[in-house]
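Numbering of ligands and ligand atoms starts at 1, following listing order. Count residues from 1 along the sequence.
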Amino acid sequence: MSGEAVAFAAERRWAIVVGVIIASLVAIMVITGLHWAAMPPSRVETIDPRTLHVSGEFVEGNLGTSVSADGKVVVRLIAQQYSFQPQCLLVPAGVPVTFRGTSTDVIHGFIIAGTNANVMLVPGFVATFTTTFRKTGEIAMPCHEYCGTGHEGMWARVQVIAADEFRARAGRGERLSCVRR
Ligand code: CUA
């Protein structure tokens with residue numbers, strides 16, 4: 001074979017390799033797109049971000065930690081440029097805690113260091129998850145989704161206290177938080 005023919009064969013081989021890669025990427029896009037359209041996630045809770053402050057679950061007086069009649073611990077919070085409301089979340093150790101959160105403006109998110117809590121807060125949707133805090137103490141809870149110029153300064157704290165102490169405080173019936181006034 002002449003040098004030219006060898007080069008041509010090599011080019012053809014590589015053209016086929018590239019073609020296969022492109023074809024598989026297109027196939028992945030089509031399959032995931034069809035799958036998403038056919039089977040949307042089972043539980044999507046939506047909420048109107050424009051009326052969050054005015055009515056419904058996320059009004060100011062309803063934010064923080066509450067204990068429902070059946071003993072379930074629920075933390076409600078909202079994220080907005082550039083803070084979380086409330087700034088400090090009070091939770092018991094060793095008990096499942098359900099978080100419910102949303103955003104009033106852009107996409108935020110948070111992680112709670114040392115736990116499996118890692119969630120995105122998307123305006124228009126309620127994010128929810130349940131986790132159990134193993135030990136007492138204070139944990140940082142930074143926003144982990146770039147949300148604008150104030151992103152680095154956006155964080156809250158989680159105060160984990162003993163379950164007995166928590167129950168005693170929850171007995172008074174008010175929304176619990178650990179915001180220092
Ligand atoms: Cu909120 Cu980054």
Salt bridge or not for D70 and K72, using N-O below 4.0 Å?
->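 Here D70 does not pair with K72 in a salt bridge, since their nearest N and O are not under 4.0 Å apart.
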
Rounded distance (nearest 0.5 Å) linking atom CD of E138 with atom CD1 of I161 | 12.0 Å

Disulfide bond (SG atoms under 2.5 Å apart): which pairs involve residues 138-170, sequence neighbours left out?
->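 Qualifying pairs, neighbours excluded: none.
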
Set of ring-ring contact (aromatic ring centres under 6.0 Å, His included) partners for F133, sequence neighbours left out =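 Here no residue qualifies.
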
Pairing residues for R12 by the side chain to side chain donor-acceptor pair (under 3.5 Å) criterion, not counting sequence neighbours =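 Here no residue qualifies.
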
Tally of protein N/O/S atoms under 2.8 Å from atom 2 (Cu) of ligand 1?
-> 4

So, T98 versus T130: side-chain donor-acceptor pair below 3.5 Å or not?
-> yes

